[in-house]
Protein chains: 2
Amino acid sequence: MLNILICDDDRDIVSAVKIYLSAERYNVIGCASGNEALDILKKQEIHLIIMDIMMPGMDGITAVAQLRKTDNIPVIFLTAKSEDTDKILGLNIGGDDYVTKPFNPVELTARVKAQLRRYISLGGAQIAEEVLTIGGIVLNDAAKTVSVDGEAVTLTPTEFDILRLLMKNPGTVFSSSRIYSEVWNDSPLGAENTIAVHIRHIREKLEINPAEPRYLKVVWGQGYKIEGGGCG
Amino acid sequence: MLNILICDDDRDIVSAVKIYLSAERYNVIGCASGNEALDILKKQEIHLIIMDIMMPGMDGITAVAQLRKTDNIPVIFLTAKSEDTDKILGLNIGGDDYVTKPFNPVELTARVKAQLRRYISLGGAQIAEEVLTIGGIVLNDAAKTVSVDGEAVTLTPTEFDILRLLMKNPGTVFSSSRIYSEVWNDSPLGAENTIAVHIRHIREKLEINPAEPRYLKVVWGQGYKIEGGGCG
DNA sequence: CTTCCTTTTTACATTTTATTAATTATATAA
DNA sequence: TTATATAATTAATAAAATGTAAAAAGGAAG
């Protein structure tokens with residue numbers, strides 16, 4: 001999952017950008033000033049920044065000039081200042097692209113992708129291979145593999161998606177209908193039993209004794225969750 | 001000295017860009033069609049391309065889609081087509097930036113610098129690894145050759161591109177539609193079977209027993225991957 | 001224009017997976 | 001305990017994905 005930081009004092013812009021980029025499966029973090037942006041950068045791995053210029057506190061140009069001293073990640077300026085001199089300043093100070101408001105969200109998305117494509121293809125960032133581990137279960141999303149105590153097990157696509165959902169949120173209880181909505185992207189009508197069957201199949205493959213699951217547990221009347229419970 | 005290729009059928013534009021960028025001490029080469037651009041790329045080391053879209057002969061979009069199959073250098077589209085959909089297409093096909101005519105030469109220069117700065121700081125100027133090895137398969141990207149257990153095999157261009165994609169990311173599963181998007185640079189509509197046929201052809205050439213592949217494996221419902229499985 | 005090679009399409013067989021329905025088991029509360 | 005709701009299990013059927021062969025279409029070279 002790639003993390004994108006959007007920095008703008010206009011909350012509507014931040015939430016709009018969040019919506020558009022989340023739809024493309026980016027993880028979007030918002031903030032409202034240059035200072036905040038620099039703080040977040042220190043604490044968290046960010047793969048791309050979308051930065052306004054005029055903001056209360058530290059402005060975007062200063063913030064980018066600052067972060068360029070240590071950091072190399074792609075920066076796209078997104079701002080109402082449409083003067084060419086502003087663009088030139090932004091790009092010369094270390095920005096990678098410059099988009100003016102009002103902006104076309106699809107164009108912004110395309111520009112984000114273009115920057116990330118280059119950054120990642122040139123090895124500027126290793127995308128952490130998405131591996132989820134709970135107890136003896138290891139799920140590798142890129143390779144679509146799952147192993148239990150070192151032994152590979154073969155899951156069907158649906159089983160894999162359900163397991164990934166639960167493993168991404170260990171301990172969290174998901175009702176059958178919520179699992180259905182998230183995995184099928186569809187409205188869950190009478191899907192209870194369908195889920196129950198898939199859960200059984202997953203248990204048959206993961207658990208020593210499917211009738212007394214160590215990992216994939218049921219919470220009565222609520223749904224299913226996965227836990228690294230270890231001993232039964 | 002960095003070499004920049006400007007490709008536009010309008011000679012005035014070419015000479016104007018030459019003047020502006022030469023003043024920044026870039027070495028600027030001009031040409032007037034996509035075909036010419038691809039020819040020059042083969043013969044000469046180019047560090048950045050500025051590309052028009054509408055040109056007689058091969059258009060810019062096609063040319064970039066073509067060169068992206070093998071080449072990684074930054075591309076800035078410079079064109080009169082200012083529709084957002086054109087920008088989005090250009091960026092999605094592998095362009096890095098998009099500037100519309102009439103353009104501010106100082107802004108163009110700033111964008112050229114921004115692209116080169118990133119390209120060079122990330123070391124894109126050196127050619128990436130040229131030889132990929134998995135198990136007994138050796139793929140030489142520069143020579144466009146493949147051998148299995150020391151014996152040369154002849155792949156068609158499409159087969160080669162698919163194999164390279166998989167070998168660049170060993171273990172990672174690629175769905176048919178993703179393979180199609182990445183290799184064809186096109187939207188994958190009903191391409192499932194096309195991919196299946198190419199996969200079969202590759203298997204016929206690489207595998208001892210195509211029906212029980214050692215390397216090019218299918219993950220049911222997910223896609224294909226390549227693995228150095230060794231023993232069957 | 002013809003020939004040869006590559007790519008795509010078509011059609012069908014085969015394999016694997018998803019869903020449904022019917023049945024049995026289990027937890028909870030009166 | 002008993003009724004009731006929820007969950008587990010099983011098997012059968014429908015649906016989907018992949019494998020394969022062969023023909024058609026497309027393109028490049030001579």
Side-chain angles (χ1 to χ4, degrees), chain A residues 144 146 153-163 166 173-226, chain B residues 35 38-39 58 62 66 69 144 146 153-163 166 173-181 183-207 209-225:
Chain A
K144 304 288 177 201
V146 175
V153 298
T154 308
L155 298 188
T156 71
T158 306
E159 290 160 13
F160 186 88
D161 288 345
I162 293 172
L163 182 63
L166 297 177
V173 176
F174 289 82
S175 68
S176 290
S177 60
R178 184 156 169 221
I179 293 174
Y180 196 91
S181 327
E182 303 235 11
V183 171
W184 276 256
N185 281 314
D186 196 4
S187 69
L189 296 173
E192 312 282 310
N193 194 217
T194 302
I195 299 295
V197 173
H198 286 301
I199 292 289
R200 164 155 177 77
H201 290 155
I202 297 171
R203 281 181 176 153
E204 276 177 346
K205 294 174 181 179
L206 294 190
E207 306 278 2
I208 297 165
N209 175 12
E212 224 174 290
R214 290 183 302 164
Y215 299 112
L216 210 174
K217 293 177 179 166
V218 66
V219 179
W220 246 82
Q222 305 286 332
Y224 300 94
K225 67 173 172 181
I226 204 158
Chain B
N35 281 316
L38 294 177
D39 279 350
M58 187 187 287
T62 309
Q66 195 73 25
K69 288 182 183 171
K144 305 287 175 204
V146 176
V153 297
T154 310
L155 298 187
T156 70
T158 307
E159 289 160 12
F160 186 88
D161 288 345
I162 293 172
L163 182 62
L166 296 177
V173 175
F174 289 81
S175 67
S176 290
S177 60
R178 188 161 165 215
I179 292 174
Y180 196 89
S181 331
V183 171
W184 277 255
N185 279 313
D186 197 2
S187 74
L189 294 173
E192 312 281 309
N193 202 210
T194 303
I195 298 295
V197 172
H198 285 299
I199 292 289
R200 167 158 174 75
H201 290 157
I202 297 171
R203 280 181 177 154
E204 278 177 347
K205 295 174 181 179
L206 294 189
E207 306 279 3
N209 175 12
E212 223 175 288
R214 290 184 302 164
Y215 299 112
L216 211 174
K217 293 178 179 165
V218 65
V219 178
W220 252 86
Q222 306 275 17
Y224 299 94
K225 68 174 170 182

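Because only heavy atoms are used, hydrogens play no part in the values below, and waters and symmetry mates are left out as well, while side chains stay in. Within every chain, numbering begins at 1; the chains are lettered A, B, ... in the order of the sequence lines, protein sequences first and strands thereafter.
- Of the residues near DNA chain C, B/His201 and B/Gly221, the one whose nearest nucleotide (by heavy atom distance) lies more toward the 5' end is B/His201.
- Counting to the nearest Å, the C1' atom of C/dT6 and the CG atom of B/Leu155 are 13 Å from each other.
- Residues satisfying the side chain to side chain donor-acceptor pair (under 3.5 Å) criterion with A/Arg200, sequence neighbours excluded, are A/Glu204.
- Regarding A/Ile199, its CD1 atom lies at a distance of 11 Å from the P atom of D/dA7, rounded to whole Å.
- Partners of A/Lys205 according to the side-chain contact (heavy atoms from CB on, under 4.5 Å) rule, which considers only residues two or more places apart in sequence or in another chain, are A/Leu155, A/Thr156, A/Glu159.
- Distance from the side chain of A/Thr158 is smallest for C/dA18 among the nucleotides C/dT6, D/dT18, C/dA18.
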Contact letters for nucleotides 20-30 of chain C, in which S counts primed atoms plus P, OP1 and OP2 and B counts the base, heavy atoms under 4.0 Å = BBB---BS---
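- Atom NZ of B/Lys144 and atom CG of B/Asp161 lie 6.5 Å apart (nearest 0.5 Å).
- Remark: B/Thr62 pairs with B/Asp59 by the side chain to side chain donor-acceptor pair (under 3.5 Å) rule, at least two apart or across chains.
- Contact between the side-chain N/O atoms of B/Ser176 and the OP1/OP2 oxygens of D/dA17 is not found at any separation under 4.0 Å.
- Atom-to-atom distance recorded for B/Ile199:CD1 and B/Ile179:CD1 is 5.0 Å, nearest 0.5 angstrom.
- Side-chain nitrogen and oxygen atoms of A/Tyr224 include at least one within less than 4.0 Å of the OP1 or OP2 phosphate oxygen of D/dA8.
- The shortest distance between the side-chain N/O atoms of B/Thr156 and the OP1/OP2 oxygens of C/dT7 is below 4.0 Å.
- B/Phe160 comes within 4.0 angstrom of nothing in the nucleic acid, heavy atoms only.
- Residues A/Val218 and A/Arg203 are in side-chain contact: their nearest non-hydrogen atoms beyond the backbone lie under 4.5 Å apart.
- The nearest whole Å value for the distance from the CZ atom in B/Arg203 to the C1' atom in D/dT18 is 9 Å.
- B/Glu212 places its CD atom 18 Å from the P atom of D/dT18, with the value rounded to the nearest Å.
- Take B/Asn35 and apply the side chain to side chain donor-acceptor pair (under 3.5 Å) test, not counting sequence neighbours, and it matches no residue.
- Applying the side-chain contact (heavy atoms from CB on, under 4.5 Å) rule to B/Gln66 yields the partners B/Leu38, B/Lys69; only residues at least two apart in sequence or on another chain are considered.
- Rounding to whole angstrom units, CD of residue B/Gln222 and P of D/dA17 are separated by 11 Å.
- Note that the two end axes of the helix from C/dC1-D/dG30 to C/dA30-D/dT1 enclose an angle of 30°, each drawn from 5 base pairs, rounded to 10 degrees.
- Straight-line distance from the CD1 atom of B/Ile195 to the C1' atom of C/dT8: 11 Å, rounded to whole Å.
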Table please: side-chain donor-acceptor pairs of residues 182-196 of chain A below 3.5 Å, with sequence neighbours left out.
| from | atom 1 | to | atom 2 | distance (Å) |
| --- | --- | --- | --- | --- |
| A/Glu182 | OE2 | A/Arg178 | NE | 3.2 |

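- B/Glu207 places no side-chain N or O within donor-acceptor distance of the main-chain N or O of B/Glu212, the cut-off being under 3.5 Å.
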What string of B, S and - do you get for nucleotides 24-30 of chain D, 5' to 3', when a contact is any protein heavy atom under 4.0 Å?
-> -------
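- B/Arg200 has no side-chain polar atom (N or O) that falls below the 4.0 Å cut-off from OP1 or OP2 of D/dG19.
- Distances were taken from every side-chain heavy atom of B/His198 (C-beta onward) to each of C/dA18, C/dT7, D/dA7; the shortest belongs to C/dT7.
- Between A/Ile202 and A/Leu166 there is no side-chain heavy-atom pair separated by less than 4.5 Å.
- The 5' end of DNA chain C is approached more closely, in terms of each residue's nearest nucleotide, by B/Thr154 than by the other of B/Thr154 and A/Lys205.
- Not counting sequence neighbours, the partners of B/Ser175 by the side chain to side chain donor-acceptor pair (under 3.5 Å) test are B/Ser177.
- In this structure, A/Glu207 atom CD and D/dT9 atom P are separated by 11 Å, rounded to whole Å.
- The separation between A/Ile162 atom CD1 and C/dT19 atom C1' is 12 Å, rounded to whole Å.
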